Amino acid sequence: MPATKMARKRTKRAPLSGNAAESAGKTDRRVVRTRDVLGDALVALMQEKPFESITVQHVLDRAGVSRSTFYEHYEDKNDLFLSDAAEFFEAMSTALSKHGDKSSRVAPVCEFFAHVAEQRQFHDALVASGKTQDLWEMGEEYFARGIEQRLRELPGVPAMTPPRPTALARAFAGALFSLLSWWIQSGREMAAAQMDELFHRMVWSSIGVSPPKQAEQAKLSKRFVKI
């Protein structure tokens, strides 16, 4: 989960008129900004003190948001934490599809791992809070859905009858987070791009897709559009 969130998509509305669209857009931007500052405040606080010692008032003071405004959006700090994590995983797990990535990758492993490495202090705070397992399980769910979508989109993937695509997607998502945990614990001895290649060689082998040349894969990572 990032210190600055990567995508906010909870406030989509269908406007009934041009004026309604402008009004809804302004409302949506205010809602997004409120959720942004609250999430950022919680992330910052988690890097300063144990999660269990953080109160809603701490978050409000850091974010400069009123208590009534907070409870318009969240039930408590746990709801804020999980909602923020869900938004991040939804954005990251579907990034390749949403940005029309032309590679044969099924997940943005390089970008995801690099982001986690950049947020090492926050990861350490997650470990200290005892929430890493819950967060990883949530991430697996989102990535499983994102990977299954990519398997349907990739032109070189052989036709598969249900439930094989779903089973493979869940297996790949589980492997991804297992690799991520090992990568962090091992001190990130391999580069994020190498982890991406390792993961996708396993995927390509399983689904019968020929992997691109290493140079092509590196080029794809460099041109990846940031979420």
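Source: prediction; values computed, not measured. As a basis for the values below, the full set of heavy atoms in this structure was taken, side chains included, without hydrogen atoms, waters or symmetry mates.
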J.: Is the side chain of Gln47 donor-acceptor paired with the backbone N or O of Val43 at a distance under 3.5 Å, no angle test?
T.: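 Confirmed, Gln47 side chain pairs with Val43 backbone.
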
J.: Below 4.5 Å, heavy atoms only, C-beta onward: do Glu48 and Ser53 meet side chain to side chain?
T.: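 A side-chain contact under 4.5 Å is absent here.
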
J.: If you group Ile, Leu, Val, Met, Phe, Trp and Tyr by side-chain heavy-atom gaps below 4.5 Å, do Leu168 and Leu198 land in one group?
T.: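 In one cluster with Leu168: Leu198, yes.
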
J.: Please report the closest heavy-atom contact between Met160 and Pro165, naming both atoms and the distance.
T.: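 Closest pair (atom of Met160, atom of Pro165, distance): CB-CG, 3.8 Å.
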
J.: Can you name the closest pair of heavy atoms from Ile207 and Leu151 and give their distance?
T.: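 Answer, listing the atom of Ile207 first, then Leu151: CD1-CD2, 3.9 Å.
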
J.: Where is the tightest heavy-atom contact between Ala169 and Ala144, given as atom of each residue plus distance?
T.: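 Answer, listing the atom of Ala169 first, then Ala144: CB-O, 3.3 Å.
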
J.: Go through Glu111 and Arg105 one step at a time and tell me if the side-chain contact (heavy atoms from CB on, under 4.5 Å) criterion holds.
T.: CA-CA 12 Å; Glu111 297 79 10; Arg105 294 193 299 164; 3.2 Å; yes

J.: Going through the checks in order, is the side-chain contact (heavy atoms from CB on, under 4.5 Å) test met by Phe70 and Leu80?
T.: CA-CA 9 Å; Phe70 177 92; Leu80 168 59; 4.0 Å; yes

J.: So Gln149 and Leu96, do their side chains get closer than 4.5 Å, heavy atoms only?
T.: no

J.: Let me confirm one number: the NE2-OG distance from His200 to Ser206, rounded to the nearest 0.5 Å.
T.: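 These two atoms lie 11.5 Å from each other.
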
J.: Could you check whether any side-chain heavy atom of Leu180 comes within less than 4.5 Å of a side-chain heavy atom of Phe112, counting everything from C-beta outward?
T.: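 Answer yes - side chains close enough.
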
J.: Hey, what's the ring geometry for Phe89 with Phe143, parallel, tilted or perpendicular (30° and 60° as the breaks)?
T.: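 Phe89 vs Phe143 ring planes: perpendicular.
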
J.: Would you say that Leu179 contacts Met195 through its side chain, given a criterion of any heavy-atom pair below 4.5 Å between the two side chains?
T.: yes

J.: Less than 4.5 Å apart, side chain to side chain, heavy atoms only: is that true for Leu154 and Val106?
T.: yes

J.: Under 3.5 Å, side chain of Ser129 to main-chain N/O of Leu126, donor-acceptor pair present?
T.: yes

J.: Salt-bridged, Glu90 to Lys98, with N to O below 4.0 Å?
T.: yes

J.: For Thr166, check side-chain contact (heavy atoms from CB on, under 4.5 Å) against everything at least two apart and list the hits.
T.: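 Thr166: side-chain contact (heavy atoms from CB on, under 4.5 Å) contacts with Glu148.
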
J.: Could you check whether Glu140 pairs with Arg145 (Lys NZ or Arg NE/NH1/NH2 to Asp/Glu carboxylate O, under 4.0 Å)?
T.: no

J.: Quick check: do Tyr74 and Val59 have side-chain heavy atoms less than 4.5 Å from each other?
T.: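 Counting from C-beta outward, Tyr74 and Val59 never come under 4.5 Å.
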
J.: Do you know the tightest heavy-atom contact between Met92 and Pro108?
T.: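 For Met92 and Pro108, the tightest heavy-atom pair comes out as O-CG, 3.3 Å.
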
J.: Closer than 4.0 angstrom, basic N to acidic O: yes or no for Lys131 and Glu52?
T.: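 Here Lys131 does not pair with Glu52 in a salt bridge, since their nearest N and O are not under 4.0 Å apart.
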
J.: Flag the pair Tyr142 / Phe88 as yes when their ring centroid distance falls below 6.0 Å, and as no otherwise.
T.: no

J.: So how far is it from Leu176 CG to Phe199 CZ, rounded to the nearest 0.5 Å?
T.: 4.5 Å

J.: Do the non-hydrogen side-chain atoms of Gln133 and Glu137 ever get within less than 4.5 Å of each other?
T.: yes

J.: Distance check, rounded to the nearest 0.5 Å: Asp40 atom CG versus Arg35 atom CZ?
T.: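 So the gap between those two atoms works out to 14.0 Å.
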
J.: With no hydrogens and no angle check, is any side-chain donor or acceptor of Arg62 less than 3.5 Å from a backbone partner on Ala44?
T.: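 Answer holds: no.
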
J.: Within the 4.5 Å heavy-atom criterion, are Lys77 and His58 side-chain neighbours or not?
T.: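 Side chain of Lys77 against side chain of His58, heavy atoms only: no contact under 4.5 Å found.
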
J.: Should we count CZ of Arg33 as having more than 12 external heavy atoms under 6.0 Å?
T.: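 Incorrect, the count does not exceed 12.
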
J.: Phe177 and Phe172: aromatic ring centres closer than 6.0 Å?
T.: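 Between Phe177 and Phe172, the centre distance exceeds or equals 6.0 Å.
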
J.: Under 3.5 Å, side chain of Gln119 to main-chain N/O of Val116, donor-acceptor pair present?
T.: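 Not confirmed, Gln119 side chain does not pair with Val116 backbone.
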
J.: Could you grab the distance from atom CG of Asp124 to atom CE of Met46, nearest 0.5 Å is fine?
T.: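 Spacing of CG (Asp124) from CE (Met46) equals 11.0 Å.
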
J.: Report the distance from atom CD1 of Ile184 to atom CZ of Phe113, rounding to the nearest 0.5 Å.
T.: 8.0 Å

J.: Could you see if Trp183 belongs to whatever hydrophobic cluster contains Val127? Use Ile, Leu, Val, Met, Phe, Trp, Tyr and a side-chain cutoff under 4.5 Å.
T.: no

J.: Looking at Phe122, does the NZ or CZ of Arg120 lie under 6.0 angstrom from its six-membered ring centre and within 45 degrees of the ring axis?
T.: no

J.: Look up atom CD1 in Ile54 and atom CZ in Phe81, then write down how far apart they are to the nearest 0.5 Å.
T.: 10.0 Å

J.: For a quick test of reading the model, state the closest non-hydrogen atom pair linking Asp196 to Ala107 and the distance between them.
T.: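 Here Asp196 and Ala107 meet closest at OD2-O, 4.3 Å.
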
J.: Ignoring hydrogens and geometry beyond distance, is a side-chain donor-acceptor pair present between Ser97 and Thr94 at under 3.5 Å?
T.: no

J.: So, for Thr34 and Val65, which heavy atoms are closest and what is the spacing to 0.1 Å?
T.: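 Result for this residue pair: CG2-CG1, 4.5 Å.
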
